[in-house]
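Only heavy atoms go into these numbers, but all of them, side chains included; no hydrogens, no water, no symmetry mates.
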Amino acid sequence: MKAEHIVDRLMVMFGCDTQKMLAQNLNVTEACISQWRKGVAQVNYHEIIKHAVEKGFNLNWLITGIGEKKISFGRRNKNAQDSAEADALKNELAKQKLQTEKLIEHNEQLLKLNVDLQEQMKKKDKMIERLIEKIGTK
């Protein structure tokens with residue numbers, strides 16, 4: 001799951017041609033969208049989930065790119081069948097929300113691991129520099 005792909009799907013969801021338009025729709029800066037795309041900053045999942053639900057978009061598609069873009073709510077009659085369909089859709093949305101929350105948690109863990117790994121690499125680089133300096137002075 002790459003953030004740049006999520007940004008692309010957000011642009012589809014909002015019908016945007018540019019990152020600037022998407023930023024306006026989400027009430028963030030264009031730089032923020034750029035940082036999301038590059039993976040420098042974390043996507044504000046809570047806000048985009050709210051918009052996706054309001055617009056009837058499939059959260060699984062939005063986050064992973066898998067499945068249908070939109071959730072079909074069908075016709076809205078006041079009979080038992082429609083009520084059962086609505087309940088099924090509510091259950092599906094609840095499942096998707098749970099899956100999305102798990103994906104968000106997993107993404108946050110990966111970001112933390114990435115930061116830790118970068119710090120370890122910097123420490124190793126410094127150790128190598130010190131070793132090279134010691135070898136060079138002998």
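Note that the NZ atom of Lys69 and the CD1 atom of Ile71 stand 14.5 Å from one another [nearest 0.5 Å]. Rounded to the nearest 0.5 angstrom, Gln19 CD and Met11 CE are separated by 6.0 Å. Within the model, atoms CD1 of Ile132 and CZ of Arg130 stand 12.0 Å from one another, a figure rounded to the nearest 0.5 Å. Rounded to the nearest 0.5 angstrom, Asn114 CG and Leu110 CG are separated by 8.5 Å. For the atom pair Arg9 CZ and Glu4 CD, the distance stands at 10.0 Å (nearest 0.5 Å). Here the NE2 atom belonging to His46 is positioned 5.5 Å from the CD1 atom belonging to Ile104, to the nearest 0.5 angstrom.
Following chains of ILVMFWY side-chain contacts shorter than 4.5 Å, one cannot reach Met21 starting from Val43, and the two form parts of different hydrophobic clusters. Under a hydrophobic-cluster definition in which Ile, Leu, Val, Met, Phe, Trp and Tyr are linked whenever side-chain heavy atoms come within less than 4.5 Å, directly or via other members, Val12 and Val28 are assigned to the same cluster.
Partners of Lys20 under the salt bridge (Lys or Arg N to Asp or Glu O under 4.0 Å) rule, at least two apart in sequence or in another chain, do not exist in this structure.
Paired with Arg37 under the rule side-chain contact (heavy atoms from CB on, under 4.5 Å), one option of Leu22, Val7, Ile6, Leu10 passes, and it is Val7.
In terms of heavy-atom proximity, Trp36 sits nearest to Asn44 at CZ2-N, 3.5 Å. In terms of heavy-atom proximity, Ala52 sits nearest to Leu59 at CB-CD2, 3.5 Å. Between Leu111 and Gln42, the closest heavy-atom pair is CD1-OE1, 3.7 Å. Of all heavy-atom pairs between Asn60 and Thr64, the closest is O-OG1, 2.5 Å.
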Q: Take Lys55 and Phe14 through the test side-chain contact (heavy atoms from CB on, under 4.5 Å) and record every step on the way to the result.
A: CA-CA 9 Å; Lys55 293 178 170 291; Phe14 281 98; 3.5 Å; yes
Q | Derivation and outcome, side-chain contact (heavy atoms from CB on, under 4.5 Å), residues Glu101 and Ile49 | A | CA-CA 10 Å; Glu101 289 170 352; Ile49 288 169; 5.8 Å; no
Q.
Would Glu108 and Lys112 count as a side-chain contact (heavy atoms from CB on, under 4.5 Å) here? Give the steps.
A. CA-CA 6 Å; Glu108 289 170 350; Lys112 184 181 181 319; over 6 Å; no
Q) Please walk me through it: do Leu62 and Phe57 pass side-chain contact (heavy atoms from CB on, under 4.5 Å)? A) CA-CA 7 Å; Leu62 181 62; Phe57 274 80; 5.6 Å; no
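Contact check for Leu26 versus Ile33: side-chain heavy atoms found under the 4.5 Å cut-off.
Heavy atoms of other residues, nucleotides or ligands lying less than 6.0 angstrom from CG of Asp116 number more than 12. The local environment of CD in Glu68 is sparse, with at most 12 non-hydrogen atoms from other residues, nucleotides or ligands closer than 6.0 Å.
Proximity of a side-chain donor or acceptor of Thr100 to a complementary backbone N or O of Gln96 within less than 3.5 Å is detected.
Between Glu47 and Lys50 a salt bridge is recorded (basic side-chain N to carboxylate O distance below 4.0 Å).
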